[in-house]
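Quick notes on the structure that follows.
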Amino acid sequence: MCIGIPMQIVEVYEDGISGVVEAGGTKKHCFFMLIDNPKVGDYVLVHAGNAIAKLDEQEAKENLELIEQCLLGAKGATE
């Protein structure tokens, strides 16, 4: 199973095809070759170090909440 994580672009390098994304205080290098016109502040779906789609802010936050609920549920199941 593959999962994409919604993250926000915080930096776009001069090459325009890579930069830095952030979610939950974690920053990662990311490639933007699969999306059009990446800009700081955009929300993107990141899989394997590549932004594979743009998301609107509400959609990104809803997805992050669902992921958090799944992780908390998994933690509660082992306690």
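Remark: side-chain polar atoms of Asp15 are paired, donor with acceptor, to backbone N or O of Ser18 under 3.5 angstrom. Side chain of Asn63 to main chain of Glu59: a donor-acceptor pair is present (N/O by atom type, distance under 3.5 Å, no hydrogens or angles). Put simply, the side chain of Lys27 never gets that close to the backbone of Val10: no donor and acceptor are under 3.5 Å apart.
Val44 is not listed as a side-chain neighbour of Leu55, based on a closest heavy-atom distance of 4.5 Å or more. In this structure, the side chains of Glu22 and Met7 stay at 4.5 Å or more apart for every pair of heavy atoms. In this structure, the side chains of Pro6 and Ile67 come closer than 4.5 Å at one or more pairs of heavy atoms.
Tyr43 and Ile9 sit in two unconnected hydrophobic clusters of ILVMFWY residues. Membership requires side-chain heavy atoms under 4.5 Å apart, directly or through other members. Grouping the Ile, Leu, Val, Met, Phe, Trp and Tyr side chains by contacts below 4.5 angstrom, directly or via other members, places Ile5 with Val21. Side-chain heavy atoms closer than 4.5 Å link hydrophobic residues (I, L, V, M, F, W, Y) into clusters, and following such links, possibly through other members, connects Ile3 to Leu71. A single hydrophobic cluster is not seen to contain both Leu45 and Ile35; linkage of ILVMFWY side chains at heavy-atom distances under 4.5 Å, directly or through other members, places them apart. Under the 4.5 Å side-chain heavy-atom criterion for Ile, Leu, Val, Met, Phe, Trp and Tyr, Val40 and Phe32 are members of the same hydrophobic cluster.
Atom NZ in Lys61 sits 10.5 Å away from atom CG in Asp56 (nearest 0.5 Å). Rounding to the nearest 0.5 Å gives a distance of 5.5 Å between CE of Met33 and CG of Asn50.
Listed here is the closest heavy atom pair of Gly16 and Val12: CA-CG1, 4.0 Å.
Every pair tested for salt bridge (Lys or Arg N to Asp or Glu O under 4.0 Å) that includes a residue from residues 2-12 fails, sequence neighbours excluded, so the list is empty. The list of ring pair (Phe, Tyr, Trp, His ring centres under 6.0 Å) pairs with a residue in residues 10-29, not counting sequence neighbours, reads Tyr13-His29, His29-Phe31.
Glu65 meets the salt bridge (Lys or Arg N to Asp or Glu O under 4.0 Å) test with no other residue; sequence neighbours excluded.
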